[in-house]
Amino acid sequence: MNMDKFQKETAYYHLPGLFEFYELYRVFLPLFREHREYFYDWCDIGSIYGAPADCIWGGGRVGFGDYKPREILALMQEYGISARLTFSNSLLRKEHLLDKKCNDLCTLFAKSKEVRNGVIVHSDLLLDHLKMNYPELYFVSSTTKVLTDFQQFLSEVKRNDFLYVVPDFRLNRVFDKWNTLSESQKVKVEFLCNECCWFGCKDRKRCYEAVSRKNLGENCPDHRCAAPDANEGYRFSKAMTNPGFIGIDDIKNVYLPMGFSNFKIEGRGLGSALILEFLLYYMTKPEYHLHVREKIYLDNMLDLF
């Protein structure tokens, strides 16, 4: 999706798994184009984000997927979708900026002429490096900053560095504050819709930092989540009960009328079958759920489990 052609009254989804779920999108994107009647006419795909395995700049989740970046970029360009590199490691040092794999990815993604690609970033050190060396890319302020204070978030929105800023999901429903934003500020806000994390979590930053250390190859223990029912892992049904959850009725009847258009779907660390459920819930008309499932599941090249 061309960043200059975004329209009001359309919800743009920023979907997970650029590298991680390439095989799913290789099947889903032709379906989305060829059978647009299956899908809500008020939504579109704004971007697909992710990072391959062994990227030290990676953050948020430990990336996986070994598909060739050129193939992935070609798929995104074929369907006019912006590709975002998730480089939100919060613990980078100056020596890490020389990493060849991450720089090569930025060089490749910056060359796109049809659709502008981006980078989701946490570290200001990395941001300065990217701005200097890859000015063709746009930048997204990562939710890994855990911006729960609205004034801190607003300061981030006011920075010219970022095309989008993702607030912590616990700010999703502070509507009295969201109504104070100008139109130009609202278009920069990208809400995280389907977070399953405990609303009362106080360890979110430490959790992200543990992922950052793993991506740097440091030998460190796994973060122990203290949330109730943490042993259950991600459950979409549980995410729907989260006070910060944003569902399709919220998007259509609350956020779009308020002037907000960008919505992030999390899920890079989950399986393809669950990502498909997100695509069905957020984008597909209920009467066509079965049609989409059948076309996806009957693709013999795709293993969803």
Side-chain angles (χ1 to χ4, degrees), residues 11 13-18 20-21 24-25 28 40 43 45 48-50 59-64 86 88 120 142-148 153 166-175 178 189-211 214 221-255 260 262-286 289-290 292-293 296-297 303-305:
Y13 290 122
H14 303 275
L15 302 174
L18 179 65
E20 299 88 342
F21 304 119
L24 174 61
Y25 290 119
F28 179 77
Y40 296 122
C43 72
I45 300 173
I48 302 178
Y49 66 93
R61 297 290 182 268
V62 177
F64 62 91
T86 305
S88 53
I120 303 171
S142 174
T143 192
T144 62
K145 295 180 181 180
V146 191
L147 299 174
T148 57
F153 172 78
V166 186
D168 188 85
F169 71 101
R170 285 162 290 196
L171 286 181
N172 282 358
R173 295 187 176 275
V174 291
F175 296 119
W178 292 124
V189 180
E190 186 177 311
F191 291 100
L192 180 58
C193 295
N194 61 328
E195 178 58 63
C196 192
C197 182
W198 181 35
F199 199 80
C201 178
K202 300 185 185 300
D203 295 331
R204 197 162 169 83
K205 274 192 176 181
R206 284 191 286 271
C207 179
Y208 285 135
E209 286 174 357
V211 174
K214 285 186 178 296
D222 291 333
H223 174 75
R224 293 296 187 104
C225 182
D229 304 323
N231 60 318
E232 292 183 357
Y234 187 96
R235 296 286 186 274
F236 193 23
S237 56
K238 185 168 73 172
M240 288 180 168
T241 68
N242 192 303
F245 179 73
I246 297 177
I248 56 171
D249 288 338
D250 299 313
I251 291 171
K252 289 191 301 180
N253 301 324
V254 180
Y255 290 91
F260 296 101
N262 291 286
F263 303 91
K264 180 174 183 176
I265 308 301
E266 78 159 23
R268 284 199 303 136
L270 306 176
S272 295
L274 194 46
I275 302 303
L276 176 57
E277 290 304 312
F278 298 156
L279 298 174
L280 292 171
Y281 172 78
Y282 280 105
M283 300 181 68
T284 311
K285 298 174 183 177
H289 280 196
L290 184 58
V292 174
R293 278 199 184 95
I296 297 293
Y297 281 112
D303 181 7
L304 286 180
F305 296 98

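Any value given below was found using the heavy atoms of this structure, including those in side chains, with hydrogens, waters and symmetry copies removed.
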Working to the nearest 0.5 Å, report the span between CG of Asn242 and CD of Glu195.
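Those atoms lie 7.0 Å apart.
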Would you compute the distance between atom OG of Ser272 and atom CZ of Phe28 and round it to the nearest 0.5 angstrom?
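Here the interatomic distance stands at 13.0 Å.
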Taking every non-hydrogen atom, the tightest pair across [X] and [Y]:
{"X": "Phe263", "Y": "Cys193", "value": "CB-SG, 3.5 Å"}
{"X": "Leu192", "Y": "Phe169", "value": "O-CB, 4.2 Å"}
{"X": "Asn172", "Y": "Tyr255", "value": "O-OH, 2.6 Å"}
{"X": "Ala11", "Y": "Ile251", "value": "CB-CG2, 3.7 Å"}
{"X": "Glu20", "Y": "Gly50", "value": "OE1-CA, 3.6 Å"}
{"X": "Ala239", "Y": "Phe245", "value": "O-CB, 3.3 Å"}

Compute the ring centroids of Phe236 and Tyr281, then answer whether they are less than 6.0 Å apart.
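Yes - the distance between ring centres of Phe236 and Tyr281 falls below the 6.0 Å cut-off.
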Contact check, side chains of Trp178 and Leu171, non-hydrogen atoms, under 4.5 Å:
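Of all side-chain heavy-atom pairs linking Leu171 with Trp178, at least one is under 4.5 Å.
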Any heavy-atom pair between the side chains of Phe21 and Ile48 that's under 4.5 Å?
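The answer is no, as the side chains (C-beta and beyond) never meet within the 4.5 Å cut-off.
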Are the side chain of [X] and the backbone N or O of [Y] linked by a donor-acceptor pair below 3.5 Å?
{"X": "Asp168", "Y": "Thr148", "value": "no"}
{"X": "Asn194", "Y": "Glu266", "value": "yes"}
{"X": "Thr284", "Y": "Leu279", "value": "yes"}
{"X": "Arg173", "Y": "Pro243", "value": "yes"}
{"X": "Tyr13", "Y": "Tyr282", "value": "yes"}

Can you check side chain to side chain contact (heavy atoms under 4.5 Å, CB included) on Glu277 and His289, steps first, answer last?
CA-CA 9 Å; Glu277 290 304 312; His289 280 196; over 6 Å; no
For the pair Lys285 and Tyr40, evaluate side chain to side chain contact (heavy atoms under 4.5 Å, CB included) and give the outcome as yes or no after the intermediate values.
CA-CA 6 Å; Lys285 298 174 183 177; Tyr40 296 122; 3.9 Å; yes
Phe153 vs Val189, side chain to side chain contact (heavy atoms under 4.5 Å, CB included): CA-CA, chis, key distance, verdict:
CA-CA 10 Å; Phe153 172 78; Val189 180; 4.0 Å; yes
Check this for me: does any side-chain nitrogen of one of Lys264 and Glu190 sit under 4.0 Å from a carboxylate oxygen of the other?
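Not counted as a salt bridge, because no side-chain N and carboxylate O are separated by less than 4.0 Å.
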For Val146 and Arg170, what are the C-alpha separation, side-chain angles and deciding distance, and is it a side chain to side chain contact (heavy atoms under 4.5 Å, CB included)?
CA-CA 9 Å; Val146 191; Arg170 285 162 290 196; 3.8 Å; yes
